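In what follows, every chain begins at residue 1, and chains take the letters A, B, ... in the order their sequences are listed. Predicted model only: the values in this text are computed from it and were never measured.
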There are 2 protein chains.
Amino acid sequence: MATLAQVAQHAGVSASTVSYVLSGKRTISTATRLRVEQSIRELGYHPNAGARALASSRSNIIALMVPLRTDMYVPVMMEIAVAVATTARTHGYDVLLLTGEEGPDAVRRVTGSGLADAMILMDVELDDERLPLLRGTDQPSVLIGLPADTSGLTCVDLDFEATGALCVDHLAMLGHRDIAVIGEAPAVYERHTGFAERTLDGLRSRAGKLGVRVLHRPCGGGYDAMSVTLARILDERPGTSGFVVQNEQAVEPLLALLRRQGLAVPEDVSVVAVCPDQVAVQASVRLTSVSIPAQEMGRHAVERLVAKLDGRGTDDVVLIAPELTVRTSTGPAPTAAS
Amino acid sequence: MATLAQVAQHAGVSASTVSYVLSGKRTISTATRLRVEQSIRELGYHPNAGARALASSRSNIIALMVPLRTDMYVPVMMEIAVAVATTARTHGYDVLLLTGEEGPDAVRRVTGSGLADAMILMDVELDDERLPLLRGTDQPSVLIGLPADTSGLTCVDLDFEATGALCVDHLAMLGHRDIAVIGEAPAVYERHTGFAERTLDGLRSRAGKLGVRVLHRPCGGGYDAMSVTLARILDERPGTSGFVVQNEQAVEPLLALLRRQGLAVPEDVSVVAVCPDQVAVQASVRLTSVSIPAQEMGRHAVERLVAKLDGRGTDDVVLIAPELTVRTSTGPAPTAAS
DNA sequence: TTGAAAGCGCTAACAG
DNA sequence: CTGTTAGCGCTTTCAA
């Protein structure tokens with residue numbers, strides 16, 4: 001490969017001039033700039049990443065740590081990852097893909113080696129063991145998700161509390177007084193990822209204000225688990241007319257089982273989902289839903305990070321406001337008469 | 001951060017000794033090695049990635065180019081990506097995430113800058129515009145997927161022809177003589193990604209040999225598209241008793257619509273899917289399926305690549321043998337009498 | 001079994 | 001507006 005020195009020679013200028021043409025950190029006369037650019041093109045020059053990183057102590061790489069688990073929220077994760085990668089590129093950064101597997105060691109490795117300038121962590125747990133490391137380093141980072149203690153950290157996430165409230169608002173407005181919440185698998189709650197609890201908090205506190213009753217049941221994906229869960233709900237609260245589902249795997253089973261019970265959606269029962277739009281529109285009933293704005297979260301995270309790298313930017317929490325899209329799975333609560 | 005020189009000083013040896021302790025490229029007396037390792041630990045030393053890359057012209061990074069499109073086969077893509085990342089780590093490599101967006105430019109950039117030592121391309125098209133670049137460089141690469149011309153390339157993919165044949169074998173063995181194939185969305189065929197066609201080839205040639213009739217219909221995801229497709233199939237070939245679906249988005253709609261038509265699975269019609277195992281077991285009927293071995297493909301790709309980087313390894317095509325798992329969606333064809 | 005030293009290709013003072 | 005030059009931290013000959 002051609003080197004900067006060769007470009008300099010070819011263009012009849014010094015190495016630093018070429019460097020400054022590349023970085024734009026110095027004003028260069030148009031004449032020389034054009035000449036240099038011409039040489040760059042002719043020689044097919046690409047700056048060497050290693051040399052650049054060494055000399056500038058900047059790798060122009062952002063590390064993205066994704067959960068190893070490929071069982072939950074996969075499309076969301078992927079969408080975030082892709083959004084991160086494309087947004088990063090527009091700011092001149094590449095993305096290094098780390099799996100959660102290595103845990104805190106990966107953080108140490110990346111910060112220690114200067115492999116990446118900054119990092120984005122997904123799937124953050126309430127009491128994540130990587131957080132102390134992040135607080136203890138000057139390497140900028142952004143979390144996608146919300147830990148219990150956000151002090152000294154920058155976080156981006158959907159406002160799940162508002163999400164819960166929004167779901168209740170919508171159902172209450174339609175006259176539903178008994179709502180069942182189908183939550184994530186018990187394992188998700190045990191992992192203390194927080195978002196499920198936050199939704200529930202929002203759901204409950206708004207329901208309290210509006211005089212709506214809420215029954216919450218975690219539920220693994222699949223038909224069998226859903227079948228048991230639904231039976232218990234209808235047994236315990238026969239008057240349930242509204243459902244909120246926050247579990248991609250449970251959506252289709254719920255709809256199928258309701259059908260089997262002779263409960264029509266939205267005539268007999270209404271269903272609101274918290275899921276990616278794609279899931280909502282491809283379900284067997286087009287679902288009224290609060291979407292999970294994966295792209296926006298990825299984009300936001302990168303932009304926060306770049307701001308920090310540029311010396312702007314602060315530690316804070318960005319909660320994205322939820323948006324509820326009404327589709328055909330919700331309607332007025334059936335009156336007692338019917 | 002501590003530098004190699006500091007470690008050397010701390011341990012009372014020269015820089016090169018530390019370097020050799022790290023790389024193992026020279027025999028070091030146990031005494032000094034222990035001393036050096038001790039110093040490394042005490043100082044919390046991590047080799048600087050940029051310096052290492054510059055001096056050795058090896059970044060220890062593998063680039064992974066994933067499709068930008070997040071509409072199709074997302075879980076598979078993600079699973080491959082994660083498998084690539086974890087496998088790469090076990091070989092001492094990190095993974096750089098590139099989106100298809102930049103196209104050939106990304107290939108140029110990465111090879112030119114020495115950012116990565118090698119690359120893996122996913123979602124390869126039959127006549128992919130990145131291929132000439134790969135052939136023209138000495139940078140090792142592996143494709144996941146099969147282009148039209150594989151000469152000079154290393155490829156890893158599921159053997160989709162054998163997959164098609166396997167599906168026909170299974171259905172024919174159960175007595176089905178009229179099979180309908182629900183394929184990918186027309187857009188997939190138009191993109192010339194090849195795998196869909198290969199499945200179809202395998203399906204048809206085996207069907208020809210076994211005297212089975214095959215009707216193929218591309219189909220976008222969702223209920224509406226599936227509804228139209230299914231109606232046309234049953235209209236054209238009322239005797240259809242076996243279905244092969246190669247389209248995650250179409251699986252659940254197909255099952256629901258069959259149910260609505262009063263066609264019981266597997267009593268009246270059998271369904272074989274080509275999809276990840278997860279989709280097969282979480283569908284409303286546990287599907288007999290040929291699984292898409294995402295992890296295995298990712299792992300294979302990395303291992304091929306590492307072999308090349310180590311000077312072993314050759315250009316060739318690795319087709320992974322399909323495996324059909326019988327679940328509850330297939331059964332004997334109904335006899336004419338019934 | 002170990003050291004000394006010459007770069008790898010680039011950036012960023014410093015100097016003009 | 002441009003050139004000179006001293007490193008950045010590591011690898012790897014060459015020499016002992």
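A close approach under 4.0 Å does not occur between any side-chain nitrogen or oxygen of B:Tyr20 and OP1 or OP2 of D:dT13. Considering only side-chain N and O atoms, B:Ser19 lies under 4.0 angstrom from the phosphate OP1 or OP2 of D:dT11. Taking 4.0 angstrom as the limit, A:Ser29 places a side-chain polar atom (N or O) nearer than this to OP1 or OP2 of D:dT2. Note on A:Thr3: every side-chain N or O is 4.0 Å or more away from OP1 and OP2 of C:dG9. Using a 4.0 Å cut-off, no side-chain N or O of A:Ser56 falls inside it from OP1 or OP2 of C:dT11. The phosphate of D:dT2 has neither OP1 nor OP2 within less than 4.0 Å of any side-chain N or O from A:Ser14. Residue B:Lys25 has a polar side-chain atom (N or O) positioned under 4.0 Å from OP1 or OP2 of D:dT12.
The local environment of CD in B:Gln9 is sparse, with at most 12 non-hydrogen atoms from other residues, nucleotides or ligands closer than 6.0 Å. By the 6.0 Å contact criterion, CG on B:Asp105 is enclosed, its count of non-hydrogen atoms from other residues, nucleotides or ligands being greater than 12.
Map B:Leu54 and B:Ser23 each onto its nearest nucleotide of DNA chain D; the residue landing nearer the 5' end is B:Leu54. Toward the 5′ end of DNA chain C lies the nearest nucleotide of B:Ala15, the other residue of the pair A:Pro47 and B:Ala15 mapping further downstream.
Ranking C:dT2, C:dC10, C:dG7 by closeness to the B:Ala55 side chain, first place goes to C:dG7. With D:dA15, D:dC10, C:dT11 as the choices, the nucleotide that has an atom nearest any side-chain atom of B:Arg26 turns out to be D:dA15.
What separates CG of A:Asn48 from P of D:dC8 is a distance of 18 Å, to the nearest Å. Atom CZ in B:Arg35 sits roughly 14 Å away from atom P in C:dT1 (whole-Å rounding). A:Arg58 has its CZ atom 19 Å from the P atom of D:dC8, to the nearest Å. Separating the CG atom of A:Leu115 from the P atom of D:dC10 is a distance of 13 Å, rounded to the nearest angstrom. Distance B:His46 NE2 to D:dC8 P: 21 Å, rounded to the nearest Å. Rounded to whole Å, the distance from CG on B:Leu22 to P on D:dC10 is 9 Å. Note: CE (A:Met1) to C1' (C:dC10) measures 15 Å, nearest angstrom. For B:Gln6 and D:dC8, the CD to P distance is 11 Å, given to the nearest whole Å.
Nucleic acid contact for B:Ile28: sugar-phosphate only, since backbone atoms but no base atoms lie under 4.0 Å from a heavy atom of the residue. Looking at heavy-atom distances under 4.0 Å, B:Gly12 makes contact with sugar-phosphate atoms alone, never a base. Contact annotation for A:Thr32: backbone-only contact, meaning every heavy-atom pair under 4.0 Å involves sugar-phosphate atoms and none involves a base. Residue-level contact check: A:Val13 touches the backbone only, with heavy atoms under 4.0 Å from sugar-phosphate atoms and none from bases.
A:Asp149 has a carboxylate O that lies under 4.0 Å from a charged side-chain N of A:Arg135, or vice versa, which qualifies the two as a salt bridge.
Side chain to side chain, B:Arg33 and B:Tyr20 fail the donor-acceptor criterion of an N or O pair below 3.5 Å. Side-chain contact, A:Gln38 with A:Arg35: no donor N or O sits under 3.5 Å from an acceptor N or O.
Residues B:Arg58 and B:Asp117 form a side-chain contact, since some pair of their non-hydrogen atoms from C-beta on lies under 4.5 Å apart.
A:Ser16 contributes a side-chain N or O that forms a donor-acceptor pair with the base of D:dG3 under 3.5 Å. Contact of A:Arg52 with C:dT11 (side chain to base): no donor-acceptor pair of N or O atoms is detected under 3.5 Å.
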